[in-house]
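The next block holds one structure in the form of structure tokens; read it before the comments.
None of these values were measured; they are calculated from a predicted model.
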Amino acid sequence: MERRAQGNSSMDAGVPARSRREMAAATSGAGRCRLSKVGAGRRPPPARVRVAVRLRPFVDGAAGENDTPCVRGLDSCSLEIANWRNHQETLKYQFDAFYGERSSQQDIYAGSVQPILRHLLEGQNASVLAYGPTGAGKTHTMLGSPEQPGVIPRALMDLLQLTREESAEGRPWALSVTMSYLEIYQEKVLDLLEPSSGDLVIREDCRGNILIPGLTQKPITSFADFEQHFLPASRNRTVGATRLNQRSSRSHAVLLVKVDQRERLAPFRQREGKLYLIDLAGSEDNRRTGNKGLRLKESGAINTSLFVLGKVVDALNQGLPRVPYRDSKLTRLLQDSLGGSAHSILIANIAPERCFYLDTVSALNFAARSKEVINRPFTNESLQLHVLAPIKLSKKELLGPSEAKRARGPEEGETGSPEPPAAPSSASQKLSPLQKLNSMDPAMVERLLSLDRLLGSQGSQGTPLLSTPRRERMVLMKTVEAKDLEIERLKMKQKELEAKVLAQEAAHPKEKENYSPTMLRPLARHTVTVAKPLKKAVVMPLQLIQEQAAYPNAEIHILKKKGRKRKLESLDASEPEKGEDCWELQISPELLAHGRQKILDLLNEGSARDLRSLQRIGQKKAQLIVGWRELHGPFSQVEDLERVEGISGKQMESFLKANILGLAAGQHCGPS
């Protein structure tokens with residue numbers, strides 16, 4: 001066991017070791033403070049985690065009749081405990097405060113918790129943690145009873161009273177308070193105000209602040225509002241019975257109280273302070289608690305999170321580069337409280353019975369290590385930039401009085417005109433989105449000036465609103481004026497050209513038809529481009545071309561595809577097209593009969609190879625036709641082809657469309 005303090009006065013041999021440890025701890029802490037002040041520049045001043053120890057009284061039935069306490073208080077800050085290795089020796093511990101068995105709830109609250117509430121009104125964070133073994137009185141310290149309220153009800157009562165006083169009429173700040181209540185049960189973050197929300201995630205924003213998206217926030221203005229939300233939510237917390245405690249907390253409970261402040265006057269700052277009130281579940285020895293089944297699983301999750309909490313404290317004290325905050329949901333949520341930006345108070349609860357001896361020593365050692373953790377609280381403050389109305393500056397205000405006087409003409413200097421000529425509206429609008437200061441409310445002008453001074457004092461990288469360099473303003477003014485003059489000149493030239501073209505058209509109306517593209521015309525507002533019709537190419541069979549050359553006066557017919565259908569159309573373009581979307585035969589009856597006869601001859605006399613030369617007839621259909629002809633005899637007409645098995649009516653129709661025109665033109669001249 002690690003010895004944190006010196007034993008009895010009779011054990012003089014241990015005094016130098018304890019003195020050396022105290023000097024080393026004090027030296028390391030002082031060294032950290034000097035480095036933070038000298039090397040960090042604007043880094044916030046350090047604030048050590050304050051540790052208070054509370055010793056609960058004996059519990060009826062927990063100790064025997066002759067049992068003596070294993071812990072004894074020496075003064076208001078120190079205590080001693082028997083050394084289990086040597087009964088002739090005791091171990092001494094020094095803390096920020098020690099509260100004995102007779103200490104009341106008011107003593108603990110007024111001595112350790114109440115002083116940190118003022119930091120919330122300064123925009124800083126604060127946290128109060130109750131730590132200790134199971135059955136040591138952590139929940140009683142934080143919640144208490146109706147007769148003896150604990151830390152949470154007392155802190156909320158005083159905090160709401162402070163916010164009412166600070167946000168009264170005539171005060172510079174307006175304050176609002178919201179509350180959230182959650183528990184960490186078996187590494188799950190559960191919202192006690194809205195239990196149906198399920199497991200929540202813990203996030204970190206760009207500024208390093210820990211937040212929980214989806215966590216319910218309830219606004220409170222009085223202690224009655226707080227009780228209305230807190231009491232039903234407390235009944236949602238997971239508790240269970242063990243051998244040591246009938247209502248043992250099976251989860252870590254965290255009450256988050258947020259104080260928002262908004263300044264009513266310039267420069268309209270806003271602050272945000274957070275108060276974490278944390279009731280940790282106690283570490284458990286399953287051999288003494290008798291946990292089984294679900295209770296054993298809950299105990300394992302509690303002990304694991306408390307073990308990671310100890311690792312975080314050790315890593316902070318040793319200055320390790322990596323602190324294992326992310327190894328547990330509890331330490332992730334306590335990142336601001338331990339080594340972060342909060343004023344932290346750790347209340348270690350211990351029991352006097354000898355059966356709690358090992359748990360008590362472990363809690364005291366953890367409290368002693370936590371006392372060396374250094375936090376760096378700072379004020380969470382920002383500006384409400386959205387309250388500033390858009391402002392426009394005139395040319396006179398942008399140039400300044402001296403430059404505006406030099407910009408006046410010589411005639412104005414002689415007459416002593418009180419105001420310079422107004423700058424073009426377009427120029428003033430392009431220069432700045434600000435409005436004239438002389439037409440603004442004086443209060444708004446004062447707000448703008450205060451904001452400008454604040455930006456200048458903070459070393460803003462951007463250009464100040466009201467202190468733009470004069471040379472840059474002059475160059476900007478000249479550039480804008482030159483651009484405006486160029487635009488006006490181009491507009492006048494365009495109007496002259498349009499008038500000239502209109503006059504020429506009025507003087508020579510006949511030449512309008514012989515319009516030359518080199519002539520200038522007025523620009524049209526909307527130009528509509530009409531696409532030219534596409535040229536169509538018609539592919540004709542070689543036999544049709546030869547027949548047309550032999551008989552130039554004969555009427556030749558071709559196939560023309562229209563849409564998804566194809567139809568016959570004459571080459572004579574004088575006949576109008578028919579709108580029917582179907583197959584039409586427009587050839588002479590003689591050619592049609594000639595084509596049908598050729599097909600019939602080929603069906604009756606042609607071989608399978610000859611039949612394959614027809615369109616839409618393959619090897620399979622050719623064999624079917626030859627087989628049917630051998631069984632039933634020759635075909636009497638072309639339509640008898642439908643009687644062949646495997647050839648439908650639709651296939652017959654496509655067969656005629658594909659072959660009759662080619663045969664009529666002499667493409668197929670009978671069997672080869």
Side-chain angles (χ1 to χ4, degrees), residues 49 116 120 124-132 138-139 142-143 151-152 155 178-195 197-218 230 233-234 236-238 249-259 272-283 298 301-316 322-348 366 370 373 375-378 380:
V49 175
I116 69 172
L120 298 174
Q124 299 181 0
N125 299 335
S127 62
V128 180
L129 298 89
Y131 181 87
K138 300 181 298 300
T139 303
M142 298 302 292
L143 296 180
V151 170
I152 290 178
T178 59
M179 63 165 289
S180 302
Y181 198 22
L182 62 94
E183 71 171 355
I184 302 177
Y185 176 71
Q186 295 189 19
E187 289 300 305
K188 294 181 180 179
V189 180
L190 305 178
D191 190 352
L192 295 178
L193 293 175
E194 192 65 35
S197 59
D199 187 13
L200 303 177
V201 296
I202 301 177
R203 298 289 187 232
E204 183 177 359
D205 61 7
C206 58
R207 295 179 295 178
N209 298 323
I210 301 300
L211 49 90
I212 303 177
L215 184 63
T216 304
Q217 295 186 4
K218 297 290 185 180
F230 182 77
S234 299
N236 296 329
R237 185 181 179 185
T238 306
S249 301
R250 315 309 297 165
S251 63
H252 309 292
V254 180
L255 176 63
L256 172 59
V257 182
K258 187 183 298 184
V259 180
E272 181 184 85
K274 297 179 182 178
L275 174 62
Y276 294 89
L277 300 171
I278 306 165
D279 180 14
L280 298 175
S283 58
E298 294 171 349
I302 293 172
N303 292 336
T304 300
S305 61
L306 295 177
F307 174 72
V308 176
L309 181 62
K311 289 172 56 180
V312 168
V313 172
D314 293 339
L316 291 172
R322 179 188 179 273
V323 181
Y325 288 116
R326 297 177 180 267
D327 292 357
S328 172
K329 296 288 184 67
L330 174 63
T331 53
R332 181 66 167 155
L333 193 61
L334 297 181
Q335 188 168 341
D336 285 340
S337 303
L338 297 175
S341 60
H343 297 271
S344 299
I345 301 293
L346 175 66
I347 303 177
F366 175 80
S370 301
V373 175
N375 291 350
R376 295 188 178 275
F378 60 88
N380 300 308

(request) Evaluate the side-chain proximity of Arg203 to Pro213: yes if any heavy-atom separation is below 4.5 Å, no if none is. (result) yes
(message) Are Pro324 and Val312 packed together at the side-chain level, in the sense that at least one heavy-atom pair is separated by less than 4.5 angstrom?
(response) yes
(message) Any salt bridge linking Glu187 with Lys329? Criterion: basic side-chain nitrogen under 4.0 Å from a carboxylate oxygen.
(response) no
(request) Check whether any side-chain heavy atom of Ile152 lies under 4.5 Å from a side-chain heavy atom of Val128, and answer yes or no. (result) no
(message) Could you report the tightest heavy-atom contact between Asp199 and Val189, atom names first, then the distance?
(response) OD1-N, 2.9 Å
(message) If you define the side chain from C-beta out and look only at heavy atoms, does anything of Tyr185 sit under 4.5 Å from His252?
(response) no
(message) Taking Pro377's backbone N and O only, do any of them form a donor-acceptor pair with Asn375's side chain (distance below 3.5 Å, no angle check)?
(response) no
(request) Indicate the atoms forming the closest heavy-atom contact of Gly310 with Phe366, along with that distance. (result) CA-CE1, 3.9 Å
(request) Show your working on side chain to side chain contact (heavy atoms under 4.5 Å, CB included) between Leu200 and Leu190 and close with a plain yes or no. (result) CA-CA 6 Å; Leu200 303 177; Leu190 305 178; over 6 Å; no
(message) Salt bridge or not between Lys188 and Glu183? Use side-chain N to carboxylate O under 4.0 Å.
(response) no
(message) Once rounded to the nearest 0.5 Å, what's the spacing between atom OG of Ser328 and atom CD1 of Ile184?
(response) 6.5 Å
(request) Taking all heavy atoms of Asn236 and all of Pro195, pick out the closest pair and write down the distance. (result) ND2-CG, 3.5 Å
(request) Give a yes-or-no answer on whether the side chains of Thr139 and Asp279 include a donor-acceptor pair shorter than 3.5 Å. (result) yes
(request) Evaluate the side chain to side chain contact (heavy atoms under 4.5 Å, CB included) criterion for residues Tyr131 and Leu306: first the C-alpha distance (whole Å), next the side-chain angles of each, then the deciding distance (0.1 Å), finally the verdict. (result) CA-CA 10 Å; Tyr131 181 87; Leu306 295 177; 4.0 Å; yes
(request) Please test Met179 against Gln217 for side chain to side chain contact (heavy atoms under 4.5 Å, CB included), starting from the C-alpha separation and ending with a verdict. (result) CA-CA 5 Å; Met179 63 165 289; Gln217 295 186 4; over 6 Å; no
(message) Using 0.5 Å steps for rounding, measure from the CD atom of Glu204 to the OH atom of Tyr325.
(response) 10.5 Å
(message) So, taking the atom named CG in Leu309 and the one named OG1 in Thr304, what distance separates them when rounded to the nearest 0.5 Å?
(response) 12.5 Å
(request) Report yes or no: does Asp336 contribute a side-chain atom to a donor-acceptor pair with the main-chain N or O of Ser341 at less than 3.5 Å? (result) no
(message) Let me confirm one number: the NZ-OH distance from Lys274 to Tyr276, rounded to the nearest 0.5 Å.
(response) 4.5 Å
(message) Between Ser249 (side chain only) and Ser251 (backbone N and O only), is there a donor and an acceptor less than 3.5 Å apart?
(response) no
(message) Can a side-chain donor-acceptor contact be found between His343 and Ser127 if the only test is distance below 3.5 angstrom?
(response) no
(request) Determine, step by step, whether Asn125 and Leu275 satisfy the side chain to side chain contact (heavy atoms under 4.5 Å, CB included) criterion, reporting the C-alpha distance in whole Å, the side-chain angles of both residues, the deciding distance to 0.1 Å, and the verdict. (result) CA-CA 6 Å; Asn125 299 335; Leu275 174 62; over 6 Å; no
(request) Pick out which of Thr216, Leu215, Leu192, Asp191 makes a side chain to side chain contact (heavy atoms under 4.5 Å, CB included) with Ser197. (result) Asp191
(request) Step through the shown structure and confirm whether more than 12 heavy atoms of other residues, nucleotides or ligands are within 6.0 Å of CZ on Phe378. (result) yes
(request) Would you mind reporting whether Val254 and Leu277 have side-chain heavy atoms less than 4.5 Å apart? (result) no
(message) Any non-hydrogen side-chain atom of Leu256 less than 4.5 Å from a side-chain atom of Leu182?
(response) no
(request) Enter the distance from Leu193:CG to Ser180:OG here, rounded to the nearest 0.5 Å. (result) 6.5 Å
(request) Could you tell me whether the side chain of Phe230 reaches within less than 4.5 Å of the side chain of Leu143, counting heavy atoms only? (result) yes
(request) Search all heavy atoms of Val373 against all heavy atoms of Val313 and return the closest pair with its distance. (result) CG2-CG1, 4.0 Å
(message) Is the shortest side-chain heavy-atom distance between Leu129 and Ile345 below 4.5 Å?
(response) no
(message) Let me confirm one number: the CG-CE distance from Leu255 to Met142, rounded to the nearest 0.5 Å.
(response) 8.0 Å
